[in-house]
Structures are given as C-alpha cells and as structure tokens.
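Worksheet: one structure, shown below.
FYI, side chains are in, hydrogens and waters are out, and symmetry mates aren't considered; it's all heavy atoms of this structure. As the structure lists them, so they are numbered: ligands from 1, and atoms in each ligand from 1.
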Amino acid sequence: MLIQPMKSSDVRSSEVTPKSIYLDRRRFLRTAALAGVGAAMGPMAGAALAGAGMKLPGLVKSSHSTAEEPTPYDKVTIYNNFYEFGTAKGDPGKYAGGLTTKPWSVAVEGEVAKPAVYDVEDLIRPHTLEERIYRLRCVETWSMVVPWVGISLGDLIKRLEPTSKAKYVAFETLHDPEQMRGQSYPALRWPYDEGLRMDEALHPLTILAVGLYGEEMPNQNGAPVRLVVPWKYGFKCIKSIVRMRFQETMPETAWSRQTPGEYGFFANVNPGVDHPRWSQAKERRLGEFLKRKTLMFNGYADEVAHLYTGMDLTKYY
Ligand code: MTE
C-alpha cells in the first residue's frame with residue numbers, strides 16, 4: 001500500500017534477522033509459553049498449531065493449489081506489508097518477532113448462534129489443515145506464490161452458525177501499541193479492519209491461514225491467524241485477527257476508509273481497472289525481472305466470476 005513513498009532499498013539483507021536466529025528465538029519463547037499454558041489448555045489434537053518454526057503435522061494437499069513455482073521463503077518473509085510494525089517492507093521482519101501469539105483469542109460476535117471468545121486453537125483444531133499454494137497479487141503490483149497452511153473459512157463459519165441476518169463478516173487485527181510499534185503512529189486508523197460479503201467468505205478458495213511453507217506462520221506474515229482470499233488484492237488478507245463479527249451491513253475497511261477513491265470494499269484483482277495513480281495491467285513476481293500480465297480475478301475467474309454477475313466492476317472496485 002502506498003501512502004508514504006517507499007525507499008528503493010526497503011530491505012537491506014544486513015538488517016534482516018537470519019531465519020535460523022529468528023526461529024531459535026521464537027522456539028525459545030514458544031517453549032516457555034507452552035510450558036506455562038499447556039496444562040490450562042488441555043490436550044491438543046487434529047489441526048492444533050505446532051511450535052514456532054516447527055513443521056505443522058498432517059497437512060493435506062489441496063486440489064485448489066496452483067502448480068506454479070512458489071516464491072522463495074526468504075522473499076515471502078522479508079518483503080511484507082504489516083503497518084502495525086512500520087510502513088517499510090523490511091519493518092515487519094525486523095519488529096514483529098516479539099509479538100506474543102500464544103495464547104491468542106478471537107472474539108466471534110454479532111449475527112451468529114455461537115458467539116464467544118475462542119482460543120484460536122479451538123477455532124482451528126476441528127478442521128483439516130491444508131496446504132494451499134496460491135497466487136497473491138498486491139495492489140502495489142508485485143505478486144508471489146505462497147504455500148499457505150490453513151483451514152477453509154467457510155467450514156469454520158458453518159460451525160459458528162451465522163443467522164439469516166448475517167450478510168457480511170468483519171475482521172479486526174489486534175490493537176496493542178506496546179507490542180505493535182507502528183500503532184503509535186496514525187499511518188492508518190487502528191485497529192486494521194477488513195470485511196467480506198458472506199458468499200465470498202464461504203467460497204471454497206477463502207482460507208484462514210496459520211502457516212506457510214509447512215511451518216507455523218511467521219509473525220511478520222500475520223501470526224497466529226490471517227485471512228487469505230486469492231482473487232483479491234493483498235490488502236484484503238488481514239493479519240493477526242482478534243475479532244470476527246457477523247453483520248447485516250457492509251463493514252468499513254482500513255484502506256477504503258483511508259483513501260476511498262483508491263481502494264474499494266471488493267478489491268478484486270482486475271487488470272482492466274487502474275489504480276488512480278498507476279496501471280494494474282501488469283505485475284512483477286517477487287524474484288523475477290520481467291513483468292507478467294495480471295489476470296482477471298488473479299487467475300481465479302473460473303471459480304469466482306459468478307459471485308459478481310451483474311455488478312459493474314468499475315464502480316464496485
Ligand atoms: N493486515 C494488517 N493487520 N496490517 C497490514 O498492514 N497489510 C495488507 C495485508 N494484511 C496489512 C494486513 C497488505 S497491503 C498486504 S499486500 C498483505 O497483508 C501482505 O501480506 P504478506 O506480508 O504476508 O505478503
């Protein structure tokens with residue numbers, strides 16, 4: 001997202017914590033945390049989250065995965081947008097490591113039969129953990145291919161039993177300026193929030209991701225749980241979610257509130273609708289030199305175009 005000019009040297013390799021050190025530090029913190037809360041949480045089963053940097057067990061390969069080559073782990077985890085930790089692409093990798101992600105609660109509210117404050121483990125555990133290799137297209141025109149690990153958001157929503165009034169689901173990120181140094185500055189109105197229409201949230205491609213590359217989610221990518229909606233621009237993929245609210249009205253969202261003329265609620269990848277300040281026709285895959293053509297709905301048109309039949313996508317951008 002662009003509200004402040006980016007420096008060309010967003011990430012200097014010398015500033016980035018090497019993966020081995022970062023993982024060791026998180027392993028230590030996680031082991032300490034687990035020792036403290038394990039007894040209270042009871043035994044873990046099924047899709048329970050593993051320790052930091054550890055492989056997530058029992059992953060099922062998804063039929064929704066692309067066969068394209070995944071973007072290298074190092075690129076996916078050091079070139080990030082997570083304004084809660086700063087607006088430069090290297091900031092999340094540098095500053096998100098200290099965020100405590102266990103225990104972690106998610107409040108489920110609004111038009112739903114099972115509202116409660118859930119431990120994230122309890123939300124995820126009953127579901128199948130899948131590896132979903134998805135293209136992700138950022139509105140800033142870079143893209144990547146990520147092997148996410150996650151569960152179907154639709155399956156979770158069905159378990160929570162929304163009422164017939166639930167037309168949208170709104171999401172919120174943690175608001176904790178002590179842990180999230182970027183929230184001391186008004187880069188956005190905090191907390192970061194996002195939303196989906198119910199049919200988008202229930203779509204089989206939409207997931208809640210808890211990891212990538214077979215491992216638990218790195219903090220800079222949105223630990224412990226984030227949204228991934230592969231046919232929409234990356235800013236819809238809200239990170240470190242603490243609240244899900246089912247509601248009748250369309251929710252406000254962080255970027256459409258910030259600059260409504262540039263970012264809309266739907267944010268479907270659309271090479272035919274330019275951003276007011278740049279073209280969306282092409283994209284650069286991280287790690288590649290030549291640009292490639294951006295595809296309608298990020299290449300997922302066969303699966304999702306029907307959701308928008310009859311809608312003027314230049315108006316509902
Ligand atoms: N979620 C929160 N809470 N804060 C953010 O700043 N940035 C969004 C999205 N989710 C953002 C967020 C944007 S603009 C993008 S492109 C993706 O996260 C980037 O995800 P990645 O860093 O895992 O590639």
Side-chain angles (χ1 to χ4, degrees), residues 1-4 6 10-11 16 70-96 99 101 104 106 132 134-150 170-177 179-183 185-196 207-213 215-244 253-259 262-264 267 269 275 280 283-287 294 298:
M1 309 299 296
L2 293 177
I3 52 173
Q4 297 187 356
M6 290 190 305
D10 281 323
V11 186
V16 175
T71 304
Y73 179 97
D74 288 345
K75 296 214 161 26
V76 173
T77 54
I78 64 168
Y79 192 84
N80 299 104
N81 275 332
F82 199 170
Y83 274 24
E84 284 83 343
F85 296 100
T87 55
K89 295 289 182 278
D91 287 343
K94 275 191 277 182
Y95 301 122
L99 176 68
T101 59
W104 188 272
V106 180
R132 302 260 193 135
Y134 280 165
R135 292 179 288 278
L136 190 77
R137 166 67 155 77
C138 183
V139 77
E140 293 161 278
T141 76
W142 47 270
S143 66
M144 53 188 179
V145 174
V146 184
W148 301 108
V149 176
F171 301 87
E172 253 178 50
T173 294
L174 177 69
H175 185 219
D176 184 352
Q179 292 199 80
M180 298 175 137
R181 63 201 320 263
Q183 287 179 335
Y185 309 94
L188 288 169
R189 200 195 79 181
W190 311 113
Y192 195 102
D193 48 7
E194 255 307 334
L196 294 174
I207 59 169
L208 281 183
V210 296
L212 50 78
Y213 267 95
E215 297 179 357
E216 185 175 317
M217 189 71 79
N219 282 5
Q220 61 268 39
N221 293 92
V225 63
R226 68 173 284 172
L227 188 64
V228 179
V229 194
W231 70 95
K232 292 179 179 286
Y233 290 117
F235 67 87
K236 295 296 284 185
C237 301
I238 181 171
K239 298 177 170 181
S240 304
I241 296 169
V242 293
R243 192 179 312 280
M244 286 172 61
T253 64
W255 282 101
S256 60
R257 181 194 305 115
Q258 181 83 12
T259 32
E262 300 190 354
Y263 306 111
V269 174
H275 185 282
Q280 291 290 15
E283 67 198 59
R284 192 187 307 280
R285 185 83 31 107
L286 291 186
T294 288
N298 201 22

Atoms of ligand 1 close to N221 [distance to a heavy atom under 4.0 angstrom, numbered from 1]: 21 (P), 23 (O)
Non-neighbouring partners of R257 that pass salt bridge (charged side-chain N to carboxylate O under 4.0 Å, His left out), sequence neighbours left out: D193, E252
For M144, the ligand 1 atoms whose distance to one of its heavy atoms is below 4.0 Å: 24 (O)
Min heavy-atom dist E140 to ligand 1 below 4.0 Å: no
Sub-4.0 Å atoms of ligand 1 with respect to non-hydrogen atoms of T173: 3 (N)
Sub-4.0 Å heavy-atom approach of K236 to ligand 1: no
Point-to-point distance, once rounded to the nearest 0.5 Å, from OH of Y213 to CG of N221: 11.5 Å
Pair K89 + E140: basic N to acidic O under 4.0 Å: yes
N or O pair under 3.5 Å between Q220 and ligand 1: no
Among G234, C237, A267, closest by any non-hydrogen atom to atom 15 (C) of ligand 1: G234
Ligand 1 contact by G222, heavy-atom criterion under 4.0 angstrom: no
For K236, salt bridge (charged side-chain N to carboxylate O under 4.0 Å, His left out) partners two or more places apart: E194
